[in-house]
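Predicted model, so just to flag it, every value in this text is computed and none were measured.
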Amino acid sequence: MSPIRVVLAEDGALLREGLSDLLRRFGFEVVAAVGDAETLKATVGEQAPDLVVTDIRMPPDFTDEGLRAAVELRRRHPRLPVVALSQYVEAGYASDLLDSQEGLGVGYVLKERVVDVAEFSDVLRRVHAGGTVIDPEVVRRLVRRRSTPLERLSERELEVLALLAQGDSNARIARKLVVSEPTVGKHITNILAKLDLPPEETDVDRRVMAVLTYLREQPD
């Protein structure tokens, strides 16, 4: 079985060399080890690797260059597995990467996890096989970050709001849910209150705003 061919991107020379040696010891073939995002993109085009392992913060600004390069590479090469390494939990960056190619063949790992070499090697192989591996701490941050106003609504209130979004009137909603119109009216009043919509707006405007809130939170 041929070794997994890896392009590694890490701006720190010592860590780059250390990771390269580590990967080789565990049976990976490091076809290139680069220090910036632009070189990473060019090298992937030249080498056509099986897997990319990249730091998120890279020159020149040390913000999200590595992440943006990874997302761009996955647009160019949809089946390219990518593992992103980060010193800190940066949930926004994780979301961007997870949104690419439905999150298949993606890993987001804190650098501190690399200390467990066997586990890190296993992460790379799972991502190469099409799996999704996200550091548990990143998952916790993502869950907190993605909390939405809709979470305040009861299951019945969500049903009513979904029907509002379909353009149904109170009477039609009542018929569909087999409840009275006054009951629907109470649900709508609760929805508007729980979504913290401006009280100075008209009831019609507030209903529209509630529907827009609902639609914004739906997956594409």
Side-chain angles (χ1 to χ4, degrees), residues 56-57 61 63-72 74-75 78 82-110 112-113 126-127 130-220:
I56 282 179
R57 295 187 174 189
D61 298 327
T63 54
D64 62 349
E65 287 86 353
L67 180 281
R68 286 189 280 113
V71 173
E72 182 178 335
R74 280 169 64 80
R75 281 199 298 267
V82 172
V83 174
L85 302 177
S86 181
Q87 187 70 39
Y88 309 102
V89 177
E90 300 173 278
Y93 298 157
S95 297
D96 290 339
L97 186 58
L98 282 172
D99 286 340
S100 65
Q101 305 305 320
E102 300 181 348
L104 300 177
V106 169
Y108 188 106
V109 182
L110 295 182
E112 64 187 53
R113 311 293 185 193
R126 285 158 59 195
V127 171
T132 304
V133 182
I134 308 299
D135 194 283
E137 182 59 28
V138 177
V139 172
R140 284 192 286 272
R141 294 289 183 92
L142 284 171
V143 169
R144 289 200 295 269
R145 183 174 178 267
R146 289 181 174 178
S147 62
T148 73
L150 298 184
E151 293 177 350
R152 306 171 192 167
L153 305 185
S154 68
E155 190 171 327
R156 176 62 89 183
E157 289 163 353
L158 282 171
E159 288 182 292
V160 171
L161 183 53
L163 292 173
L164 279 177
Q166 295 174 27
D168 287 351
S169 64
N170 285 21
R172 186 174 298 174
I173 293 172
R175 287 197 297 273
K176 287 184 176 180
L177 298 182
V178 194
V179 296
S180 68
E181 280 192 58
T183 297
V184 172
K186 289 179 181 178
H187 285 314
I188 292 175
T189 297
N190 290 339
I191 290 168
L192 301 180
K194 289 182 179 181
L195 295 183
D196 295 328
L197 299 177
E200 62 272 12
E201 302 287 348
T202 67
D203 284 344
V204 172
D205 290 338
R206 295 177 80 208
R207 286 168 69 112
V208 171
M209 292 168 69
V211 167
L212 289 175
T213 299
Y214 175 79
L215 294 175
R216 276 196 299 267
E217 301 299 338
Q218 302 312 300
D220 295 331

Mind checking the CG-CD spacing from Leu85 to Glu112? Nearest 0.5 Å is all I need. 12.0 Å
Looking at Arg207 and Asp168, what are the two nearest heavy atoms and their distance? NH2-O, 4.2 Å
Residue pairs, two or more places apart or on separate chains, that pass salt bridge (charged side-chain N to carboxylate O under 4.0 Å, His left out) and touch residues 184-195: Glu157-Lys194
Of all the heavy-atom pairs spanning Arg74 and Leu104, show the shortest one and how long it is. NH2-O, 2.7 Å
Working to the nearest 0.5 angstrom, can you tell me the gap between Glu159 CD and His187 NE2? 8.5 Å
Which atoms form the tightest heavy-atom contact between Ser86 and Ile56, and what is the distance? CB-CD1, 3.9 Å
Step by step, work out the side chain to side chain contact (heavy atoms under 4.5 Å, CB included) result for Val82 and Val106. CA-CA 5 Å; Val82 172; Val106 169; 5.6 Å; no
If you compare all heavy atoms of Leu192 against all heavy atoms of Ala210, which two are closest, and at what distance to 0.1 Å? CD2-CB, 3.9 Å
Leu163 vs Leu177, side chain to side chain contact (heavy atoms under 4.5 Å, CB included): CA-CA, chis, key distance, verdict: CA-CA 10 Å; Leu163 292 173; Leu177 298 182; 4.0 Å; yes
Considering all heavy atoms of both residues, which atom of Val160 and which atom of Ile173 are nearest to each other, and what is their separation? O-CD1, 4.1 Å
Partners meeting side chain to side chain donor-acceptor pair (under 3.5 Å) with Arg126 (sequence neighbours left out): Asp122
Start with the C-alpha gap between Glu72 and Arg68, add the side-chain angles, then the distance that decides, and say whether side chain to side chain contact (heavy atoms under 4.5 Å, CB included) holds. CA-CA 6 Å; Glu72 182 178 335; Arg68 286 189 280 113; over 6 Å; no
CG (Leu110) and CD (Gln87) are apart, to the nearest 0.5 Å, by 8.5 Å
Could you tell me which non-hydrogen atom of Val211 sits nearest to which non-hydrogen atom of Leu161, and how far apart they are? N-CD1, 4.2 Å
Suppose we screen for side chain to side chain contact (heavy atoms under 4.5 Å, CB included). Which residues come up paired with Leu158, at least two apart in sequence or across chains? Leu150, Leu153
How many angstroms lie between CG in Asn190 and CZ in Arg156, if you round to the nearest 0.5 Å? 13.0 Å
